[in-house]
Amino acid sequence: MQKVQKVVIGGGGTAGWIAAATLSSQLGSLIDITLVESAEIGTVGVGEATIPTHTTFHRLIGVDEQAFMRQTQATFKLGIEFSNWGNIGERYFHSFGQIGRSTWMGDFQHLWQHAKTLGWGGDLQEYCFELQAAKAGKFAKDSKTNVNYAYHLDAGLYASFLRDFSQQRGVKRVEGTIERIEMDSENGHISHLLLSNGTRVSGDLFIDCTGFKGLLINGALGVGFEDWSHWLPMDSAWAVQTEGMQSIPPYTKSIAHDASWQWRIPLQNRVGNGLVFCSDYTSEQEALQLLTDNIEGDMISQPRLLKFKTGKRKKAWFKNCVAMGLASGFLEPLESTSIHLSQIAATRLVQMFPFNGIDETLQTHYNSYVDGEVNSIRDFIILHYTLNRRAEPFWRHVATMAIPDTLKHRIDLYTKTSIAFQNDADLFRVDSWNQVMLGQGANVEGYHQMGRLVANDNLHKAFNELQAHIKTAVDEMPLHADFLRQYDVLSH
């Protein structure tokens, strides 16, 4: 097998420069990296909210948080507020924090379910520090505050930030549009990218970051697409930017409408807005009107229409090509996972890098990791739809459709026993499954009886102390915008 030293990344954008930043920061002088992109080709660029794994990724590759936040107009994110998802008028938070205090015998929700039968206990969300901080519009991070957070960011500026980061670490950028892909006649691998300006770029391993088209993984190698639109029928989105807010909430908003949902992502200098909709139930013009009727503040950009199909590439790694970003698949941005999927794909490639040659066993191992995680995220997103109780035709459709067996098992287990779990391939923790299950109105029939082992007075006291501790900590925190100024990242 031919040893792998020359890596070529086809396409820039967020996914391409994440791949470049990861490989260059971790493998350094072991490989040569070239990224091919064209300034004429636009990027989707609406992945403006992230999840807490983003902070871990930045620590791994050595990103300075304050420099990153200044250059990408970033703010902090403690979770997502969901409005009208279970039923019209209802709202709940999916926060990034730990709920209560669990034991080896069972998670906190079992103690809470027991407390509810005793006539007290309140709302499960009262026992999560990050959630209460988000509702209060506050944020802080210091040696005393162990807070689990992510970011809101400008995706275009983030790609530029990572481009500078990568080029400082030796990544070569080649300008040009990919016109043709040349193949090795003996093994069917990609050998060269031929650009429209005549440049010919050779490589041993190619990373496809060419977006939905998948010019390398699909166009050249013919790896098909696994369509999940029967589970996730949203297929379109309008995106638009509005002027910034004086009071910057440290969370994303997701607001459900008749056959769509609306996002609201507060950055330092503006707000990212969008409406994800199903074209079988809502026309493009109806969706645009709904979005413009429900945004806050003046528009500072023209609305952009995005068309997509939910699903994944049948193989993320095939022959000498690894697909990342939209080339590897798409999951709607309901839980802000798109940037994470590029980051974890690049990180795993570093862990399984084929120095000694392209090996099918290694590919199978890599693909199993990718499939496991993206399947679990798919189930988590479907969960929001299948548990809704709304009356409109779209919501009735997604509430009654067949769902994956893996998700059906999770829901059945939770409603019967209050048990949530996190497997090795699961991105979302038990606390996340708890918040969405209960927030969407899952009807729980049973729970672990460990609460009966604790005297009622002692249990009540422990719950009160936990609430008081959270309240004191939140009261001492500054408002989110004030902390951004204290942290010297707010540009205005």
Side-chain angles (χ1 to χ4, degrees), residues 51 82 85-86 92 94 106-107 109-110 113 223-235 256 261 276 278 280 308-317 323 328-338 340-341 344-345 348 363-390 393-448:
I51 58 177
F82 288 92
W85 273 86
Y92 69 92
H94 169 205
D107 295 304
Q109 74 266 18
H110 299 286
Q113 292 282 8
V223 177
F225 186 80
E226 187 175 318
D227 188 347
W228 287 345
S229 57
H230 55 292
W231 287 320
L232 292 166
M234 297 297 194
D235 59 7
W261 63 268
V276 177
C278 178
D280 288 341
F308 55 83
K309 181 183 291 184
T310 300
K312 69 178 179 65
R313 197 64 56 189
K314 291 182 178 178
K315 289 184 179 180
W317 185 350
S328 68
F330 180 79
L331 289 169
E332 63 179 84
L334 184 60
E335 284 286 352
S336 312
T337 53
S338 63
H340 162 80
L341 286 171
I344 195 63
R348 289 219 174 93
Q363 292 177 15
T364 300
H365 189 55
Y366 178 91
N367 287 333
S368 69
Y369 270 91
V370 171
D371 288 348
E373 184 165 50
V374 75
N375 289 352
S376 176
I377 295 172
R378 173 204 67 195
D379 285 2
F380 191 65
I381 294 174
I382 295 172
L383 177 67
H384 300 66
Y385 289 101
T386 194
L387 289 184
N388 88 85
R389 302 179 306 286
R390 294 185 56 155
F394 169 79
W395 293 104
R396 285 301 85 217
H397 166 68
V398 292
T400 56
M401 67 184 179
I403 61 175
D405 291 340
T406 46
L407 177 57
K408 185 177 185 303
H409 169 69
R410 282 186 185 270
I411 294 173
D412 289 346
L413 181 68
Y414 193 83
T415 55
K416 292 174 182 175
T417 68
S418 200
I419 292 175
F421 60 90
Q422 180 180 13
N423 287 328
D424 290 342
D426 291 337
L427 169 63
F428 291 102
R429 304 181 310 172
V430 166
D431 295 303
S432 293
W433 288 97
N434 264 317
Q435 289 175 88
V436 177
M437 288 277 194
L438 293 173
Q440 291 290 148
N443 183 26
V444 178
E445 301 168 10
Y447 57 90
H448 195 289

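Below, each value reflects all heavy atoms present in this structure, side chains not excepted, and no hydrogens, waters or symmetry copies. Only a predicted model underlies this, so the values are computations on that prediction, with no experimental measurement involved.
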I'd like a table of donor-acceptor pairs (distance under 3.5 Å, sequence neighbours excluded) in which one partner is a side-chain atom from residues 437-447, with atom names and distances.
residue	atom	partner	partner atom	Å
Gln440	OE1	Tyr92	OH	2.7
Gln440	NE2	Trp85	O	3.4
Gln440	NE2	His384	O	3.1

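The two residues Ser328 and Ala323 come nearest to each other via the heavy atoms CB-O, 3.4 Å. Annotation for Gln109 and Ala420: closest pair NE2-N, 3.9 Å, computed over non-hydrogen atoms. Asp227 approaches Thr310 most closely through the heavy-atom pair OD1-O, 3.5 Å. Here the closest heavy-atom approach between residue Phe394 and residue Pro233 is recorded as CE1-CG, 3.9 Å. Of all non-hydrogen atoms in Lys314 and Phe225, the two that sit nearest each other are CE-O, 3.8 Å. Of all heavy-atom pairs between Glu335 and Val436, the closest is OE2-CG2, 4.3 Å.
Under a 3.5 Å cut-off, the side chain of Thr386 and the backbone N or O of Ile382 do not form any donor-acceptor pair. Remark: the backbone N or O of Glu373 is not paired with any side-chain donor or acceptor of Ser376 at under 3.5 angstrom. A donor-acceptor pair under 3.5 Å is formed between the side chain of Gln435 and the backbone N or O of Asp431.
Looking only at atom types and distance, the side chain of His448 has no donor-acceptor partner in the side chain of Ser418 under 3.5 Å away.
Contact check for Asp379 versus Leu383: no side-chain heavy atoms found under the 4.5 Å cut-off. Taking the side chain as every heavy atom from C-beta outward, Ile344 and Leu427 never approach each other to under 4.5 Å. The closest side-chain heavy-atom distance from Arg396 to Asn388 is below 4.5 Å.
Around atom CG of Asn423, more than 12 heavy atoms belonging to other residues, nucleotides or ligands sit under 6.0 Å away. Tyr369 OH: 12 or fewer foreign heavy atoms inside a 6.0 Å radius.
Residues satisfying the side chain to side chain contact (heavy atoms under 4.5 Å, CB included) test with Asp412, not counting sequence neighbours, are Lys408. For Arg390, the salt bridge (charged side-chain N to carboxylate O under 4.0 Å, His left out) partners are Asp258, Glu392, not counting sequence neighbours.
The distance from the CG atom of Leu331 to the CD1 atom of Ile377 is 6.5 Å, given to the nearest 0.5 Å. The line from CG of Leu387 to OG1 of Thr415 is 9.0 Å long, rounded to the nearest 0.5 Å. Expressed to the nearest 0.5 Å, how far NE2 of His110 lies from CD1 of Ile419 amounts to 5.5 Å. Within the model, atoms CE of Met234 and CG of Leu334 stand 8.5 Å from one another, a figure rounded to the nearest 0.5 Å. From Tyr414, atom OH reaches atom NZ of Lys416 across 15.5 Å, with rounding to the nearest 0.5 Å.
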Test log, rule side chain to side chain contact (heavy atoms under 4.5 Å, CB included), inputs Trp317 and Arg348: CA-CA 12 Å; Trp317 185 350; Arg348 289 219 174 93; over 6 Å; no
Set out, in order, the CA-CA distance, both residues' side-chain angles and the distance that settles side chain to side chain contact (heavy atoms under 4.5 Å, CB included) for Thr406 and Asn375, then state yes or no. CA-CA 9 Å; Thr406 46; Asn375 289 352; over 6 Å; no
Start with the C-alpha gap between Ile403 and Ile411, add the side-chain angles, then the distance that decides, and say whether side chain to side chain contact (heavy atoms under 4.5 Å, CB included) holds. CA-CA 11 Å; Ile403 61 175; Ile411 294 173; 4.0 Å; yes
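Just one residue in the list Lys312, Arg313, Lys315 forms a side-chain hydrogen bond (donor to acceptor under 3.5 Å, both in side chains) with Asp371, and that residue is Lys312. Among Trp231, Trp395, Trp261, the one residue that satisfies the side-chain hydrogen bond (donor to acceptor under 3.5 Å, both in side chains) test with Tyr385 is Trp261.
Aromatic ring centres of Trp433 and Phe428 lie farther apart than the 6.0 Å criterion allows.
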